[in-house]
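First the structure, in the form of structure tokens, and then the observations on it.
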Amino acid sequence: MNSSRRRSTRLWAALLPILAIPLLAACYPDNPQSTFDAVGPVAKSQLNLFYWIFWAAVFVFVVVGGILMWITLRFRRKPGDPDPAQTHGNTPLEIGWTIAPALVLVVIAVPTVLTIFDNLNSPDPDALTIDVVGHQWWFEFRYPHPDGNGDAVVTANELHIPVGEVVNVNLDSKDVLHSFWIPKLAGKVDLVPGNENFMWIQADEPGEYLGQCAEFCGEAHALMKFRVVAESRSEFDAWLTAEAAPAQDPVDPLAQQGKALFEGGKAQCWSCHTVAGSSKSRGQTGPDLTHVWNRGHIAAGVIENNQRNLRQWIEDPQSIKQGTIMFRDAKIYSDPERKLTDADVAALVAYLQTLK
Amino acid sequence: MTTLSIPVPSRPVHPTGVWGWITTIDHKRIGILYGVTAFIMFITGGLEALYMRAQLARPDQELVSPEVFNQLFTMHATTMIFLAIMPMGAAFFNYIIPLQIGARDVAFPRLNAFSYWTFLGGALILKLSWFFGGAPNAGWFGYAPITGIQYNPGHGIDFWAMSLQVLGIASLAAAFNFIVTIINMRAPGMSLMRMPLFTWMTLITSFLLVLAFPVITVALIELMFDRFFGMNFFVPAKGANPLLWQHLFWIFGHPEVYILILPAMGIVSEIIPTFSKKPLFGYPVVVLSGAVIGFMGWMVWSHHMFTVGLGPVANSVFALTTMAIAVPTGVKIFNWMGTMWGGSISFKTPMLFALGFIWLFIIGGLSGVMHSSAASDAQQQDTYFVVAHIHYVLFGGSIMALLAGTYYWFPKVTGRMMNETLGKINFWLVFISMNITFFPMHFIGLDGMPRRIYRYSSEYGWDFWNLVASIGAFALAFAILVFMINVIRSAMKGEKASADPWDGRTLEWSIPSPTPEYNFAQIPTVRGIDPFWAQKRERVPVAPVAGGSGEDDAHSIHLPQPSYWPFLASIGLFIGAYGLVYYQSIVGMTAGILGLALTIVSVYAWSFEPVNDPEEEH
């Protein structure tokens with residue numbers, strides 16, 4: 001008797017933390033990708049649904065777990081116990097506990113279906129529509145030209161949106177599967193090559209929101225990040241107008257040297273990168289660099305955009321992001337004769353700093 | 001009662017040592033081979049996991065390169081699913097099913113040997129990839145198009161695909177064997193609705209295997225055609241839709257989940273009645289709910305694809321079917337509780353593991369219901385929240401039950417008891433460290449940590465719980481070490497076990513421990529559920545002089561004889577599949593052809609080899 005009581009105490013001691021810790025989970029809304037700090041209507045509806053189901057689950061766990069615990073304590077074998085009655089079942093009871101979970105499920109099924117439709121149907125199909133294209137391992141963002149009929153405005157890894165407005169997002173991929181996910185704004189939708197997907201997002205407060213590729217996409221999957229900048233409508237319009245403008249030709253001689261290198265045969269940056277306004281730089285494989293110096297981060301949101309980091313990124317991209325396609329495909333890293341000198345890198349960085 | 005002797009020349013007769021094991025077609029020895037091999041594979045999969053947890057213990061570590069990390073998680077999952085949990089289930093099918101149904105062997109003993117050796121070949125093809133050409137790196141789900149030759153020119157994917165094909169052959173052969181065994185070899189009187197629950201779950205699992213594996217086989221053939229011959233089943237640039245792979249994979253993959261969990265539920269359904277001294281509560285309902293789970297397992301595959309853009313209607317339908325599957329699962333849990341209600345519960349180690357299974361499976365089941373809600377799942381899909389969920393059902397579910405089964409049937413297999421004190425220590429270590437490892441993953445998942453990332457930086461706030469999970473993983477490894485020590489120690493000098501150490505209810509406890517080679521000296525006649533309990537308590541005789549091939553004593557029992565051919569056929573498949581990975585080289589192609597030729601010749605020879613040598617006298 002005594003030992004079985006000790007045993008049951010041990011059982012409780014092990015199980016109590018499990019009952020308690022779910023409550024701790026809600027304690028981290030400050031984390032940059034926490035789903036508990038929903039800032040847009042899509043994420044909020046998903047969070048509300050999560051809480052609804054979570055508390056239903058806690059209810060079921062406490063009831064079922066409580067009964068299970070009581071059974072194991074109450075019916076433990078004592079010395080000299082006779083064989084218990086050999087009951088084989090109880091039909092009303094069994095029908096009851098088939099119906100009970102079904103009822104709990106109805107309680108979560110109804111809001112689930114409603115939220116599914118809400119999240120996938122845009123409340124405003126005429127709102128700003130952005131195309132998101134996944135690449136190994138960065139995100140391309142394409143905006144309609146502010147004039148209404150010009151070429152798309154193309155940027156990468158930094159998505160600007162007007163705060164408080166519905167933004168429609170079309171999703172596609174150039175290579176493998178990726179997934180577009182900004183936890184504070186909306187749950188993820190996959191980028192499937194050849195299968196255009198759709199989602200809508202809205203940020204209720206201005207700010208920067210982190211996002212990350214959520215579908216395994218190869219070597220640098222962990223470092224395929226982006227951020228969303230939600231800003232006032234006027235800030236957004238100004239930003240888009242600036243992005244739509246072609247790059248200015250550099251004046252500084254070092255930067256001019258860098259442009260020549262960028263568009264020349266040695267570095268051949270032009271074959272993968274576009275710089276709008278340049279007749280040569282029309283490459284489509286890498287991110288559009290027309291206004292790269294305006295972005296807060298480079299290498300798909302992995303490092304801050306500053307002179308030193310740009311330098312390191314050009315000199316040794318592997319040290320920042322293993323597996324990057326630039327390192328794999330650009331001859332400056334594989335052909336010793338075309339390896340960039342320190343002066344070359346300085347010139348390229350100077351040129352990139354004029355792209356704003 | 002005398003022991004058997006089968007003196008026959010010109011085929012492996014009473015081979016001893018290694019040859020005895022290689023040529024054996026005894027279901028018990030094959031069961032042990034399955035169990036030992038699967039456990040070794042479980043250790044390798046565990047080491048792969050520890051390597052990942054070491055890398056993720058702290059932010060921005062560089063213990064492994066991203067490429068190796070991708071190989072690690074691919075191999076960990078493929079190993080645990082196909083090389084550890086499935087064959088551990090097969091180990092129990094092999095050893096226990098004939099004993100539970102009162103048979104002397106499975107229906108096709110040589111096919112059984114072939115299943116094991118083919119499984120071993122498939123396992124080696126996968127595991128050796130670490131040393132020859134690099135392990136697969138596209139996840140156990142191998143989503144197109146990253147498995148295509150354009151994105152994955154190495155041989156890792158080829159090893160993975162060929163290994164799964166070979167493992168598929170092994171699984172199909174075993175599944176057919178157990179279906180026929182269970183349908184045809186039951187002792188007189190054991191109607192379907194008198195079969196032990198573990199036998200029932202094995203039957204359902206076998207049907208799932210037979211129906212599910214062809215789907216993945218077709219998908220893998222298409223993938224190999226893409227890679228080997230430049231076809232375009234999954235190449236989006238040529239107009240293919242890569243979602244085709246996901247549909248095929250999960251139409252296989254979701255029933256596969258139930259292939260992993262139903263045997264575990266079967267084991268638990270044996271242990272709980274035994275240690276509560278009560279029959280299983282609502283036996284027909286538990287059987288039916290197992291069948292319903294197996295059936296509905298085919299209707300939920302797209303819940304793995306809630307974020308791929310199938311649209312609100314498809315997502316809603318699959319959300320509802322997925323929720324519905326919680327009903328039969330819940331019913332099973334309630335019936336286990338009903339079994340314990342009013343019982344006389346003894347907390348021996350097998351029962352502790354079975355109870356641990358119920359607790360952890362409740363948690364895993366509830367997080368599964370959370371995932372079924374497609375809209376909120378959009379935040380959870382491909383995060384650590386899902387990692388937590390699958391480990392609660394596969395470790396907390398399958399592995400806990402398999403450990404319970406090991407403690408439960410160990411005396412029947414070895415004739416010795418496992419150490420009870422070590423067993424209790426083992427249980428608490430596993431149970432606590434399992435929760436320390438996997439529960440924090442719920443938090444970091446909801447905090448936005450995606451799966452399959454080889455590093456994370458500190459600013460995301462995931463450091464603490466990742467460290468906790470890593471500490472838990474190493475504690476869990478220690479717990480498994482305690483299990484190994486207990487198994488080895490008990491096998492060598494454990495307390496001698498009686499025939500019926502747990503006061504069991506089913507037929508396997510009516511025969512001596514360890515099981516004699518012929519299992520049953522006399523084939524029993526069954527008069528109800530739990531026949532052995534009935535014999536003990538109600539004096540309903542379980543083994544009157546009745547049927548089977550033996551008339552009145554073990555002396556005249558015919559057992560099928562050992563054979564070389566199943567082993568050789570499997571070797572052929574191994575060589576052939578290995579060669580096909582290198583089909584572009586002349587050596588590889590030659591090996592491929594020779595291997596398949598060896599298989600064909602062996603199967604041919606095997607077909608003409610009598611089960612028993614006709615010259616045998618008795």
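Model, not experiment: these values are computed from the prediction.
A pairwise comparison of heavy atoms in B:Gln61 and B:Arg455 identifies O-CB, 4.3 Å as the closest pair. Smallest separation of non-hydrogen atoms from A:Leu105 and B:Met323: CD1-O, 2.9 Å. Counting all heavy atoms, side chain and backbone alike, A:Ser173 lies closest to A:His178 at OG-CD2, 3.5 Å. Of all heavy-atom pairs spanning B:Met434 and B:Gly396, the tightest one is CE-N, 3.7 Å. Counting all heavy atoms, side chain and backbone alike, A:Gln33 lies closest to A:Pro183 at O-CB, 3.1 Å. Scanning both residues, A:Met199 and A:Ala186, for their nearest heavy atoms gives CE-CB, 3.7 Å.
In this structure, the portions of A:Ile108 lying under 4.5 Å from any heavy atom of chain B include both its backbone and its side chain. Contact of B:Ile146 with chain A is made through backbone and side chain together, with heavy-atom distances under 4.5 Å. Using a 4.5 Å cut-off between heavy atoms, B:Ala144 touches chain A through its backbone atoms (N, CA, C, O) alone. Of the two parts of A:Leu93, only the side chain, counted from C-beta on, holds a non-hydrogen atom closer than 4.5 Å to a non-hydrogen atom of chain B. Of the atoms belonging to A:Asp118, not a single heavy atom falls under 4.5 Å from chain B. There is no contact between A:Ala56 and chain B, counting heavy-atom distances below 4.5 Å. For chain B, the nearby parts of A:Asp175 are the backbone and the side chain; heavy atoms of each come within less than 4.5 Å. Contact annotation for A:Ala102: both backbone and side-chain heavy atoms come within less than 4.5 Å of a heavy atom of chain B. Neither the backbone nor the side chain of B:Gln71 comes within less than 4.5 Å of any heavy atom of chain A. Contact of B:Trp533 with chain A is made through the side chain alone, with heavy-atom distances under 4.5 Å. Heavy atoms of A:Trp97 lying under 4.5 Å from chain B belong to its backbone as well as its side chain. Looking at A:Val64, both its backbone and its side chain come within 4.5 Å of chain B, counting heavy atoms on both sides. For A:Glu215, the parts sitting under 4.5 Å from any heavy atom of chain B are the backbone and the side chain alike. B:Ser276 touches chain A through its backbone: at least one of N, CA, C or O sits under 4.5 Å from a heavy atom, while the side chain does not. In this structure, the portion of A:Glu94 lying under 4.5 Å from any heavy atom of chain B is its side chain and not its backbone. Interface residue A:Lys225: only side-chain heavy atoms are found under 4.5 Å from chain B. Both the backbone and the side chain of B:Ala374 come within contact range of chain A, each with at least one heavy atom under 4.5 Å from a heavy atom of that chain. No part of A:Leu47 comes within reach of chain B, as not one of its non-hydrogen atoms sits under 4.5 angstrom from that chain. For chain A, no part of B:Val317 is nearby; none of its heavy atoms comes within less than 4.5 Å. Proximity to chain A (any heavy atom under 4.5 Å) is shown, for B:Tyr454, by both the backbone and the side chain. With a 4.5 angstrom heavy-atom cutoff, B:Glu62 touches chain A only via side-chain atoms. If you measure heavy-atom distances from B:Phe306 to chain A, you find no contacts under 4.5 Å at all. Neither the backbone nor the side chain of A:Glu196 has a heavy atom closer than 4.5 Å to any heavy atom of chain B. For a residue to count as touching a neighbouring chain, one of its non-hydrogen atoms must lie under 4.5 Å from one of that chain's; by this rule A:Asp190 touches chain B with backbone and side chain alike.
Chosen from B:Asn137, B:Asp503, B:Ile444, B:Asn335, the residue pairing most often with chain A at heavy-atom distances under 4.5 Å is B:Asn335. Your options are A:Thr115, A:Asp83, A:Asp81, and the one with the most heavy-atom pairs under 4.5 Å with chain B is A:Asp83. Taking chain A as the reference chain and counting heavy-atom pairs below 4.5 Å, the highest number among B:Ser376, B:Pro66, B:Gly309, B:Ser344 is found for B:Ser344. Annotation: maximal heavy-atom pairing with chain B below 4.5 Å, among A:Val192, A:Leu68, A:Val60, A:Thr98, occurs at A:Leu68. Between chain B and the options A:Ala57, A:Pro82, A:Gly194, heavy-atom pairs under 4.5 Å are most frequent for A:Ala57. Note on B:Leu243, B:Val369, B:Leu280: by heavy-atom pairs under 4.5 Å with chain A, the leading option is B:Leu243. Interface remark: of the candidates A:Ala109, A:Ala43, A:Pro111, A:Pro101, A:Ala109 forms the most heavy-atom pairs closer than 4.5 Å to chain B. The choice from B:Ser316, B:Pro236, B:Pro279 that makes the most heavy-atom pairs within less than 4.5 Å of chain A is B:Pro279. Each of A:His88, A:Lys188, A:Glu219 has some count of heavy-atom pairs under 4.5 Å with chain B, and the biggest count is that of A:Lys188. Note: A:Leu120 leads A:Leu120, A:Ile67, A:Asn121 in heavy-atom pairs under 4.5 Å with chain B. Among the candidates B:Ser372, B:Gly343, B:Gly330, the residue making the largest number of heavy-atom pairs closer than 4.5 Å to chain A is B:Gly343.
The main-chain N or O of B:Lys277 is found under 3.5 Å from a side-chain atom of A:Gln86 such that the two form a donor-acceptor pair. In terms of modelled atom types and a separation under 3.5 Å, the side chain of B:Trp465 and the main chain of B:Met441 share no donor-acceptor contact.
A 4.5 Å side-chain heavy-atom check between A:Phe50 and B:Leu446 finds at least one atom pair inside the cut-off. Between A:Phe180 and A:Asn197 the shortest side-chain heavy-atom distance does not fall below 4.5 Å.
Remark: of the listed residues A:Ile325, A:Thr324, A:Leu223, A:Ile325 is the sole one forming a side-chain contact (heavy atoms from CB on, under 4.5 Å) with A:Trp137.
Between the side chains of A:Thr35 and B:Asp447, no donor-acceptor pair is found at a separation under 3.5 Å. Looking only at atom types and distance, the side chain of B:Ser458 has a donor-acceptor partner in the side chain of B:Asp463 under 3.5 Å away. A donor atom on one side chain and an acceptor atom on the other are not found under 3.5 Å apart for A:Tyr209 and A:Asp37. Side chain to side chain, A:Ser34 and A:Lys184 fail the donor-acceptor criterion of an N or O pair below 3.5 Å. Using a 3.5 Å distance cut-off with no hydrogens or angles, the side chains of B:Gln380 and B:His371 do pair a donor with an acceptor.
Ring planes of B:Tyr460 and B:Trp462: parallel class, angle under 30° (limits at 30 and 60°). Between B:Phe73 and B:Phe69, the two ring planes are perpendicular [angle over 60°; tilted spans 30° to 60°].
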Applying side-chain contact (heavy atoms from CB on, under 4.5 Å) to A:Ile53 and A:Thr112, what does each step give before you reach the verdict? CA-CA 9 Å; A:Ile53 299 169; A:Thr112 291; 4.3 Å; yes

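B:Asp382 and B:Arg452 are joined by a salt bridge, as a carboxylate oxygen and a charged side-chain nitrogen come within less than 4.0 angstrom of each other.
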